[in-house]
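Just the heavy atoms: all of them, side chains too, but no hydrogens, waters or symmetry mates, feed the values below. Lettering follows sequence order; numbering is per chain, from 1.
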2 protein chains.
Amino acid sequence: QAHVIVLGNEKGGAGKSTAAMHLFVALARAGHRVGALDLDLRQQSFFRYLQNREALGQRVGKPLLMPERITISASRAALREQAAEEERAALAGAIAQLSETCGFVVVDTPGAVTTLSEAAHVAADTLITPINDSLVDFDLLGRVDPATGKVTGPSIYAEMVWSARQRRAASGRLPMDWVVLRNRISMLESRNKRKVGKVIEELSRRIGFRIAPGFSERVIFRELFLNGLTLLDLKQGGAISITMSHVAARQEVRDMVKALNLPGVDA
Amino acid sequence: QAHVIVLGNEKGGAGKSTAAMHLFVALARAGHRVGALDLDLRQQSFFRYLQNREALGQRVGKPLLMPERITISASRAALREQAAEEERAALAGAIAQLSETCGFVVVDTPGAVTTLSEAAHVAADTLITPINDSLVDFDLLGRVDPATGKVTGPSIYAEMVWSARQRRAASGRLPMDWVVLRNRISMLESRNKRKVGKVIEELSRRIGFRIAPGFSERVIFRELFLNGLTLLDLKQGGAISITMSHVAARQEVRDMVKALNLPGVDA
Ligand SMILES: Nc1ncnc2c1ncn2[C@@H]1O[C@H](COP(=O)(O)OP(=O)(O)OP(=O)(O)O)[C@@H](O)[C@H]1O
Ligand SMILES: Nc1ncnc2c1ncn2[C@@H]1O[C@H](COP(=O)(O)OP(=O)(O)OP(=O)(O)O)[C@@H](O)[C@H]1O
Ligand SMILES: [Mg+2]
Ligand SMILES: [Mg+2]
């Protein structure tokens with residue numbers, strides 16, 4: 001089976017789709033065959049980003065690196081339990097099909113808990129959880145005692161991951177590698193930034209996830225969406241001049257990929 | 001009935017809960033009685049923020065301004081249609097109950113489309129849609145032609161709002177006032193910032209929403225979550241010294257409230 005990499009965080013706007021797109025481009029440019037699934041069935045930001053990429057390739061007459069995509073649709077069954085069965089089966093089928101030709105499958109999930117996102121977490125060989133540099137986002141990962149600032153335990157998303165890990169173990173699979181990625185980190189030092197860093201460190205020791213070097217708040221991470229491009233696609237001397245921020249952002253993406261320790265990938 | 005203000009955007013992380021909290025504090029400090037509903041049934045970021053506020057009041061022995069809250073829970077019915085009926089009825093009941101004592105009801109919704117969020121949009125006298133300063137976020141509001149940069153039409157969230165407006169009109173209510181609020185605006189000028197501004201302006205003319213002055217990316221908007229405070233609660237000479245950024249942020253919140261033209265509210 002292909003190595004399944006899931007972007008998950010039930011907190012909205014953490015950076016799942018952005019990270020999914022940058023990860024796909026990094027793996028594809030390193031020569032790997034990548035499959036893609038977008039389990040955010042309505043929003044489809046990851047697949048919209050890829051559609052924009054495909055359209056650019058057609059406009060300029062030069063195809064761009066694209067993943068193999070399978071579109072999954074919501075079940076229409078009236079009974080919830082039956083709909084859940086159908087969706088779980090559709091996901092398993094899609095992963096099996098992509099595994100025939102791809103070494104990696106990148107799976108984006110919605111900022112909510114759904115049948116498909118829970119099933120994706122069980123299927124994840126690597127789970128990447130982007131998180132805004134904010135205690136509002138952290139609140140879904142871990143609980144903090146406001147009086148002392150200490151972590152008191154896991155929160156609802158960490159508990160969902162925990163139960164996915166248990167189901168994975170019960171089916172005899174290797175444990176998932178869970179990596180938390182701080183995202184939209186401010187360039188300014190602040191009390192808040194240190195506090196978020198501290199509670200993430202504390203929680204990682206308690207519930208066993210690794211912390212990858214994160215992404216800073218940079219316009220380049222979102223500016224190229226309409227053309228389906230990422231900073232990794234920009235060449236020296238091309239239409240968009242490469243700035244210091246692009247060079248730094250490129251290093252941040254490389255550092256993330258390296259931290260993932262993916263099989264067969266030299267960052 | 002109370003004036004119902006809904007924070008809505010199916011795009012995750014746009015700033016709905018943050019805006020809901022700052023709006024509640026602004027209205028309460030101006031002497032209005034405010035009810036609160038959190039329709040993000042699992043994440044509950046708005047109610048978590050309020051719980052932290054209540055806990056601070058208890059810790060320091062001085063109660064803080066709090067809204068009247070009603071907690072709505074998900075229906076357990078196995079049939080989707082029955083669950084939807086029950087949830088719509090629960091929302092209508094909660095709004096009616098809060099209307100007995102409150103002039104305003106602030107309703108936070110999840111970053112997804114659910115029965116409750118759709119029903120809330122129909123009930124909204126004022127709908128506030130925060131949006132990140134990004135074409136990724138805009139993609140759910142309007143479609144843009146990548147080749148020309150022109151808006152080609154509404155996207156899926158705008159269409160959901162449109163159908164809520166129609167159902168509202170069918171039940172003989174006054175039209176909702178739809179206000180889009182740019183959020184986490186970068187302090188730096190950029191091509192991206194101008195592009196986003198342009199497409200929001202273009203879409204507002206086509207589908208009829210107003211644009212409120214937005215919030216900049218400022219740590220103070222998220223830093224006080226653990227204590228349930230907002231920058232509006234900070235006093236001169238208190239524990240946290242007031243900086244220029246706080247003064248500017250306070251003005252941004254005031255400008256938002258003023259732009260909402262709420263009945264009986266002098267910003
Ligand atoms: N490092 C970054 N720098 C600047 N902007 C960013 C960065 N990462 C993400 N963004 C922007 O933040 C917003 C949220 O990111 P994104 O949509 O990828 O998150 P998500 O977790 O997929 O959200 P959802 O919960 O809606 O699926 C988008 O507008 C995106 O363009
Ligand atoms: N103006 C701002 N400046 C800095 N940070 C902000 C600002 N507005 C929101 N944030 C931060 O951005 C993140 C998303 O905001 P928030 O949780 O309010 O959005 P939301 O739309 O309610 O998300 P969800 O879709 O998960 O409900 C949070 O970490 C929050 O602290
Ligand atoms: Mg997404
Ligand atoms: Mg929210």
Provide the closest heavy-atom pair for [X] versus [Y] in the form atom of the first, atom of the second, distance.
X: B:Asn227; Y: A:Pro146; answer: OD1-CB, 4.2 Å
X: B:Arg76; Y: A:Arg80; answer: C-NH2, 4.1 Å
X: A:Gly12; Y: B:Gln43; answer: N-NE2, 3.9 Å

Top contributor to chain A interface from [options] [non-hydrogen pairs under 4.5 Å]:
options: B:Gly149, B:Ser134, B:Pro110, B:Ala83; answer: B:Ser134
options: B:Ala147, B:Ser155, B:Ala55, B:Gly111; answer: B:Ala147
options: B:Asp133, B:Val196, B:Thr114, B:Asn52; answer: B:Asp133
options: B:Val219, B:Leu188, B:Ile156, B:Asp40; answer: B:Ile156
options: B:Ala77, B:Ala14, B:Ala112; answer: B:Ala77
options: B:Arg59, B:Arg48, B:Gln82, B:Glu223; answer: B:Arg48

(Q) Quick check for you: among A:Arg184, A:Lys11, A:Lys16, which has the greatest number of heavy-atom pairs under 4.5 Å with chain B? (A) A:Arg184

Q.
Counting heavy-atom pairs under 4.5 Å with chain B, which one of A:Leu135, A:Leu79, A:Leu140, A:Asp139 comes out on top?
A. A:Asp139

Measure the spacing between [atom1] of [X] and [atom2] of [Y] and express it to the nearest 0.5 Å.
X: B:Tyr157; Y: A:Arg42; atom1: OH; atom2: CZ; answer: 10.0 Å
X: A:Arg222; Y: B:Asp137; atom1: CZ; atom2: CG; answer: 8.5 Å
X: A:Leu226; Y: B:Phe138; atom1: CG; atom2: CZ; answer: 9.5 Å

Q) Is chain A contacted by the side chain of B:Arg143, its backbone, both, or neither, given a heavy-atom distance below 4.5 Å? A) side chain

(Q) Counting neighbours of CE on A:Met244 that are heavy atoms of other residues, nucleotides or ligands and sit closer than 6.0 Å, is the number greater than 12? (A) no

Q. Is it the case that more than 12 heavy atoms not belonging to A:Lys150 sit under 6.0 Å from its NZ atom?
A. no

Q. For A:Glu217, is it the side chain, the backbone, both, or neither that has a heavy atom closer than 4.5 Å to a heavy atom of chain B?
A. side chain

